Amino acid sequence: MLRTSARVTRTLPSGATSLRPLCAPTAPLRLARDRCLVRASSSSSTSPPSPPPPASTRDPSHPFLHYHALPLRGRLALSLLPTPPRAPRTVIGYLPLGAGATLDDFVPEPAFLSTLHEAIKDGLAAGAAQTVEFEAATRPSDGYIHITDERAVPPAGRIGETEDLIASVFVQDGKLVLDTYEPLPSYRTVTPNGVVLLPRGLDTHVVGYLSKVDATEGGEGGK
């Protein structure tokens, strides 16, 4: 599982940065009391057989992130939805099933990013992004502001890392000009600091938007 806090990045002996698993896996998976997926010890021959991992598990370090097991595909689907997603474009991406997850293992779902931008723009139009609107209202002059992923909040007055800058939008007279919304190509849904974490208000709107997409477009059985 992927840790989403900015404080959990680490460097492997080879120098490659990875995402730390929620529970360090070393043997067959079992479900611990804290609901983390962990590995059972392989040193005891008297241990009972390990049950399979649950179909869906919430990441306790993220308000919306869930891992959905896809045994037939041998992988986990990462999603902001609490139930297994049926529409592929509501899946953030995939990790191997039953392995310690690192950043190198993550495979993004190509259709998700455009859906995320659709949902964000819908949220801006609905007035769901209170923090973004506040930044626009308090900006001293017209100009562009960034919508920034909050998994690694920059110091006050500083711009976030390019991989955390989701989009830009023009502000005029303290108001967002919605048709100037521009996705930024450098944005990444998963980085060593975690998985996409949207500003408060916008996050719940996006989850609701994804739920509607999944209900409308999800085929039987999904991915």
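Given the structure is predicted, the values throughout are model-derived calculations rather than measurements.
In this structure, the separation between CG on Leu80 and OG1 on Thr90 is 9.0 Å, given to the nearest 0.5 Å. Note that the OG1 atom of Thr148 and the OH atom of Tyr187 stand 10.0 Å from one another [nearest 0.5 Å]. To the nearest 0.5 Å, atom CG of residue Leu97 and atom OH of residue Tyr67 are 13.0 Å apart. In this structure, Leu184 CG and Thr162 OG1 are separated by 9.5 Å, a value rounded to the nearest 0.5 Å. For the atom pair Tyr209 OH and His205 NE2, the distance stands at 8.0 Å (nearest 0.5 Å). Rounding to the nearest 0.5 angstrom, the gap separating the CD1 atom in Ile147 from the CD atom in Glu182 is 11.5 Å.
Put simply, the side chain of Leu70 reaches to within 4.5 Å of the side chain of Tyr94, judged on heavy atoms. Inter-residue side-chain proximity for Asp203 and Leu197 is flagged as unmet; no heavy-atom pair is nearer than 4.5 Å. In this structure, the side chains of Leu78 and Phe112 stay at 4.5 Å or more apart for every pair of heavy atoms. Considering only heavy atoms from C-beta on, Glu118 stays 4.5 Å or farther from Asp122 through its side chain. Side chains of Asn193 and Glu161 form no contact here, defined as non-hydrogen atoms less than 4.5 Å apart. Between Ser114 and Arg89, every side-chain heavy-atom pair lies at or beyond the 4.5 Å cut-off. Between Asp59 and Val195, every side-chain heavy-atom pair lies at or beyond the 4.5 Å cut-off. Residues Tyr144 and His146 form no side-chain contact, since every pair of their non-hydrogen atoms from C-beta on lies 4.5 Å or further apart.
Judged by distance alone, with hydrogens and angles left aside, the side-chain atoms of Asp164 form no donor-acceptor pair with the main-chain N or O of Glu150 at under 3.5 Å. Of the possible donor and acceptor atoms, one in the side chain of Thr204 sits under 3.5 Å from a partner among the backbone N and O of Gly201. Thr115 places a side-chain N or O within donor-acceptor distance of the main-chain N or O of Ala111, the cut-off being under 3.5 Å. Checked by atom type and distance alone, the side chain of His66 pairs as donor or acceptor with a backbone atom of Phe64 at under 3.5 Å. In terms of modelled atom types and a separation under 3.5 Å, the side chain of Thr131 and the main chain of Pro199 share no donor-acceptor contact. The backbone N or O of Ser141 lies less than 3.5 Å from a partner atom in the side chain of Arg139, making a donor-acceptor pair.
Looking at every heavy atom in both residues, Arg86 comes nearest to Ala215 through NH2-CA, 3.3 Å. Residues Ala77 and Val91 approach most closely at CB-CG1, 4.0 Å, considering heavy atoms. Here the closest heavy-atom approach between residue Val213 and residue Ala87 is recorded as O-CB, 4.2 Å. Between Thr189 and Arg151, the closest heavy-atom pair is O-NH1, 2.9 Å. The shortest heavy-atom contact between Glu133 and Gly127 is OE2-CA, 3.3 Å. Nearest heavy atom pair, residue Ala129 against residue Leu124, reads CB-CD2, 3.6 Å.
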Applying side chain to side chain donor-acceptor pair (under 3.5 Å) to His68 and Ser56, what does each step give before you reach the verdict? CA-CA 4 Å; His68 304 288; Ser56 298; 2.7 Å; yes

Evaluate Val196 against Asp149 for side-chain contact (heavy atoms from CB on, under 4.5 Å), listing each step before the verdict. CA-CA 6 Å; Val196 54; Asp149 196 300; 3.6 Å; yes

Carefully, step by step, assess His117 and Ile166 under the rule side-chain contact (heavy atoms from CB on, under 4.5 Å). CA-CA 8 Å; His117 287 299; Ile166 302 171; 3.8 Å; yes

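For Ser211, the side-chain contact (heavy atoms from CB on, under 4.5 Å) criterion is met by Leu81, Val207, not counting sequence neighbours. Residues that satisfy the side-chain contact (heavy atoms from CB on, under 4.5 Å) test with Val177, not counting sequence neighbours, are Phe170, Gln172, Asp179, Thr180.
Leu178 and Leu202 fall within the same hydrophobic cluster, where Ile, Leu, Val, Met, Phe, Trp and Tyr residues are linked whenever their side-chain heavy atoms come under 4.5 Å apart, directly or through other members.
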